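The model shown is predicted, which means the values in this text are computed figures rather than measured ones.
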Amino acid sequence: MCGLVGVVSENDVGVCIYDTLTILQHRGQDAAGIMTCDNGKLNLRKDNGLVKDVFRTRHMRRLKGQMGIGHVRYPTAGSSSPALAQPFYVNSPYGLALAHNGNLTNTKDIARDLFKEDLRHINTDSDSEVLLNVFAHELQQNKKIEPLPDDVFSAVSGVHNRCRGGYAAVVMLTGYGIVGFRDINGIRPLVFGYRDDPSTDKREYMIASESVALISQGFVIERDIAPGEAVYIDLNGMLHSKICTESSRHAPCIFEHVYFARPDSMMDAISVYKARLRMGEKLADKLIALRPQNDIDVVIPVPDTSRTSALELANRLGIKYREGFVKNRYIGRTFIMPGQSQRRKSVKQKLNAIELEFRGKNVLLVDDSIVRGTTCKQIIQMARDAGASKVYFASAAPAIRYPNVYGIDMPSANELIAAGRSEEEVEKAIGADWLIYQDLQDLIAAASEGNPDISEFECSVFNGEYITGDVDETYLERLKNQRNDMAKQGQNKLGEASKENQIADINTELL
């Protein structure tokens, strides 16, 4: 899961993109990058690290230009070496830069075809580089000195015809404009909007992963980009859009509402905040049905994502809601950290229990989900160490039993604590006195109530149904070999060894 932004303006956009990436930092903490276009000259800065660490004053001074794109990276199947920081760039045609969120499921086949048929070289193991080269090849087929909007849309159609999986992307065409497009199922989110510049009487446009990114910079939300649609903004500030696929189904990723998105975002016209409130309501109703005479004394959320659901659950149960954990805000999100040992260490650094909220009480802890079980097991033990008499655990999401193939680092099934286990077995494994999961139909209802036009969500991590129809056991086995923690550690070492050979900046020395 990554964060994207693209801006077209009459003014320099570097600072605007930087500020937007800080708003999207929750979507990726591994690497960050910005590329701008200044009268045909490209300026790039990217590296591993948080936005505030990657970009210094000297870098921002050089990131001049009236359009640009930015990216915060969260590693999935690949390593976290600096070579994989985005945006990626190819010089033909026109000079193209891409920032991508998601994962292609047919990367291996496309990469082979790009080499044998399109004569294009792929330098990394990133599917984002593959996606960029597919777009570049399709755009080059038009053989025009200056690309028109229909040429851009034709290239996006070619991408949809060749690429499978979940993807949202922004591509900058040097000297011409920025295009944003979304996969044919709308799995990964993308939204665009505008603001009027009083100094020029012209309209500026932004494309980003979440609506909160636009609102933070004073942009008005126009709408979400539709599944299979492309939105192209040229340097003159003219907006062009087109559905670039014959047929599509809208099935956005439901895990955005469970965990990834900020609660103040709107996604596909659904308020993430209200969806999480409804998750708490429905989880409370299930708890009442299962144990109407429960002995819960207090409801305590596992900060931060679960707070909204936990508060509404407590209200519905008529039980006290308390903050029982203090969070160290200088530690990143443990879910997206590479390596099990790092995640274990970070949990202890990240949270500290307030003993008076636990001592002698039967506590219901509420979290957004349970993935590997590492975090919740340690948190349950922290509650017991703080003096809790009983520790119950509620998950606002159903049991995660299957890997994710569309851009979320859900590891192979053998690293998922619920895979092959009953709820009672998971309960025992994490050390809870009682474990309650959200039902999948209730989770879907909690999200879809915000937009009745969306009747289907991408829920493969819960039900094993992959909507692109091209995921089989062979694919999952290959993915498992890429994603397990030992494989990632090996990839990271290789990435560091080749660091000296990586080209990080284009047309300007920003190091």
Does Gln86 form a side-chain hydrogen bond (donor to acceptor under 3.5 Å, both in side chains) with Ser128? I'd like the steps, not just the answer.
CA-CA 9 Å; Gln86 297 184 36; Ser128 302; 2.9 Å; yes
Run the salt bridge (charged side-chain N to carboxylate O under 4.0 Å, His left out) test on Asp442 and Lys286 for me, step by step, so that the C-alpha distance in whole Å, both residues' side-chain angles and the decisive distance to 0.1 Å come before the verdict.
CA-CA 9 Å; Asp442 286 340; Lys286 180 178 179 180; over 6 Å; no
Stepwise side-chain hydrogen bond (donor to acceptor under 3.5 Å, both in side chains) check, Asp470 with Thr105:
CA-CA 7 Å; Asp470 60 342; Thr105 54; 2.6 Å; yes
Going through the checks in order, is the side-chain hydrogen bond (donor to acceptor under 3.5 Å, both in side chains) test met by Glu129 and Thr124?
CA-CA 7 Å; Glu129 188 183 7; Thr124 71; 2.8 Å; yes
Do Leu351 and Ile379 pass the side-chain contact (heavy atoms from CB on, under 4.5 Å) test, and can you show the C-alpha distance, the side-chain angles, and the key distance before you say yes or no?
CA-CA 8 Å; Leu351 295 176; Ile379 290 173; 3.6 Å; yes
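Classification of Asp295 and Lys390 as a salt-bridged pair holds, one side-chain N sitting under 4.0 Å from a carboxylate O. A salt bridge links Asp30 and Arg73; the closest N-O separation between the charged side-chain nitrogens and carboxylate oxygens is under 4.0 Å. In this structure, Lys361 pairs ionically with Glu357, as a charged nitrogen and a carboxylate oxygen lie closer than 4.0 Å. Note on Glu256 versus Arg27: salt bridge recorded, some NZ/NE/NH1/NH2 to OD/OE distance being below 4.0 Å. Using a 4.0 Å cut-off between a side-chain N of Lys or Arg and a carboxylate O of Asp or Glu, Glu477 and Lys480 qualify as a salt bridge. Under the 4.0 Å criterion applied to side-chain N and carboxylate O atoms, Asp183 and Arg188 are not assigned as salt-bridge partners. With salt bridges taken as basic N to acidic carboxylate O contacts below 4.0 Å, none links Arg162 and Asp109.
Counting heavy-atom neighbours within 6.0 Å of Glu246 CD, excluding the residue itself, gives a total of 12 or less. Heavy atoms of other residues, nucleotides or ligands lying less than 6.0 angstrom from NZ of Lys274 number 12 at most.
Pairs of residues two or more places apart, or lying in two chains, that qualify as salt bridge (Lys or Arg N to Asp or Glu O under 4.0 Å) and include a residue from residues 313-323 are Asp285-Arg316, Arg307-Glu323. Listed by first and then second residue, the ring-ring contact (aromatic ring centres under 6.0 Å, His included) pairs involving residues 351-391 are Phe325-Phe358 (not counting sequence neighbours). Applying the side chain to side chain donor-acceptor pair (under 3.5 Å) test to every pair with at least one member in residues 447-456, sequence neighbours left out, gives these pairs: Arg249-Glu456. For the ring-ring contact (aromatic ring centres under 6.0 Å, His included) condition, no pair includes a residue of residues 269-295, sequence neighbours left out.
Here the closest non-hydrogen pair linking Ala399 and Phe462 is O-CD2, 3.5 Å. Residues Ala99 and Leu4 approach most closely at C-CD2, 3.6 Å, considering heavy atoms. The minimum heavy-atom distance linking Met410 with Tyr402 is given by the pair CB-O, 4.4 Å. Listed here is the closest heavy atom pair of Ser209 and Pro189: O-CB, 3.6 Å. The heavy-atom pair separating Leu364 from Leu313 by the smallest distance is CD2-CD2, 3.6 Å. Across all non-hydrogen atoms, the minimal contact from Lys282 to Ala445 is CE-CB, 3.8 Å.
With sequence neighbours excluded, the residues that form a salt bridge (Lys or Arg N to Asp or Glu O under 4.0 Å) with Arg262 are Asp264. Listed by chain and number, the residues in a ring-ring contact (aromatic ring centres under 6.0 Å, His included) with His100 amount to none (sequence neighbours excluded). Evaluation of the side-chain contact (heavy atoms from CB on, under 4.5 Å) rule for Glu473 yields Leu476 as partners, not counting sequence neighbours. For Lys377, there are no side chain to side chain donor-acceptor pair (under 3.5 Å) partners at least two apart in sequence or on another chain. Phe88 pairs by the ring-ring contact (aromatic ring centres under 6.0 Å, His included) definition with nothing, not counting sequence neighbours. With sequence neighbours excluded, the residues that form a side chain to side chain donor-acceptor pair (under 3.5 Å) with Tyr167 are His160. Annotation: salt bridge (Lys or Arg N to Asp or Glu O under 4.0 Å) contacts of Lys242 (sequence neighbours excluded): none.
Distance alone, capped at 3.5 Å, places no donor-acceptor pair between the Asp47 side chain and the Val54 backbone. The closest donor-acceptor contact from the side chain of Asp127 to the backbone of Val130 lies at 3.5 Å or more, if one exists at all. A donor-acceptor distance shorter than 3.5 angstrom exists from the side chain of Asn404 to the backbone of Gly407, with no hydrogens or angles considered. The backbone N or O of Ile380 lies less than 3.5 Å from no partner atom in the side chain of Arg384, so there is not a single donor-acceptor pair. The main-chain N or O of Met266 is found under 3.5 Å from a side-chain atom of Ser211 such that the two form a donor-acceptor pair. A donor-acceptor contact shorter than 3.5 Å is absent between the side chain of Asn101 and the backbone of Gly3. Between the Gln25 side chain and the Val51 main chain, a donor and an acceptor come within less than 3.5 Å of each other. In this structure, Ser395 contributes its side chain and Pro398 its backbone to no donor-acceptor pair below 3.5 Å. No donor-acceptor pair under 3.5 Å is formed between the side chain of Lys46 and the backbone N or O of Leu84. Looking at Glu427, its side chain does come within 3.5 Å of a backbone N or O of Leu435 through a donor-acceptor pair.
By the 4.5 Å heavy-atom criterion applied to side chains, Ile207 and Val5 are not counted as neighbours. Counting only heavy atoms from C-beta outward, the side chains of Leu416 and Arg401 never approach each other to under 4.5 Å. Residues Met279 and Val258 are in side-chain contact: their nearest non-hydrogen atoms beyond the backbone lie under 4.5 Å apart. Looking only at side-chain heavy atoms (C-beta outward), Phe260 and Tyr74 come within less than 4.5 Å of each other. Side chains of Ile178 and Val7 form no contact here, defined as non-hydrogen atoms less than 4.5 Å apart. Put simply, the side chain of Ser309 does not reach to within 4.5 Å of the side chain of Leu277, judged on heavy atoms. Counting heavy atoms from C-beta on, the side chains of Ile288 and Leu317 come closer than 4.5 Å. Using a 4.5 Å cut-off on side-chain heavy atoms (C-beta onward), Ile400 and Ser369 make contact.
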Distance-only donor-acceptor hits, side chain of residues 217-231, under 3.5 Å, sequence neighbours excluded:
| from | atom 1 | to | atom 2 | distance (Å) |
| --- | --- | --- | --- | --- |
| Arg223 | NH1 | Glu229 | OE1 | 2.9 |
| Arg223 | NH1 | Glu229 | OE2 | 3.3 |
| Arg223 | NH2 | Glu229 | OE2 | 2.7 |
| Asp224 | OD1 | Asp268 | N | 3.2 |
| Asp224 | OD2 | Asp268 | N | 3.2 |
| Asp224 | OD2 | Ala269 | N | 3.4 |
| Glu229 | OE1 | Ala226 | N | 2.8 |

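A side-chain donor from one of Thr468 and Tyr406 sits under 3.5 Å from a side-chain acceptor of the other.
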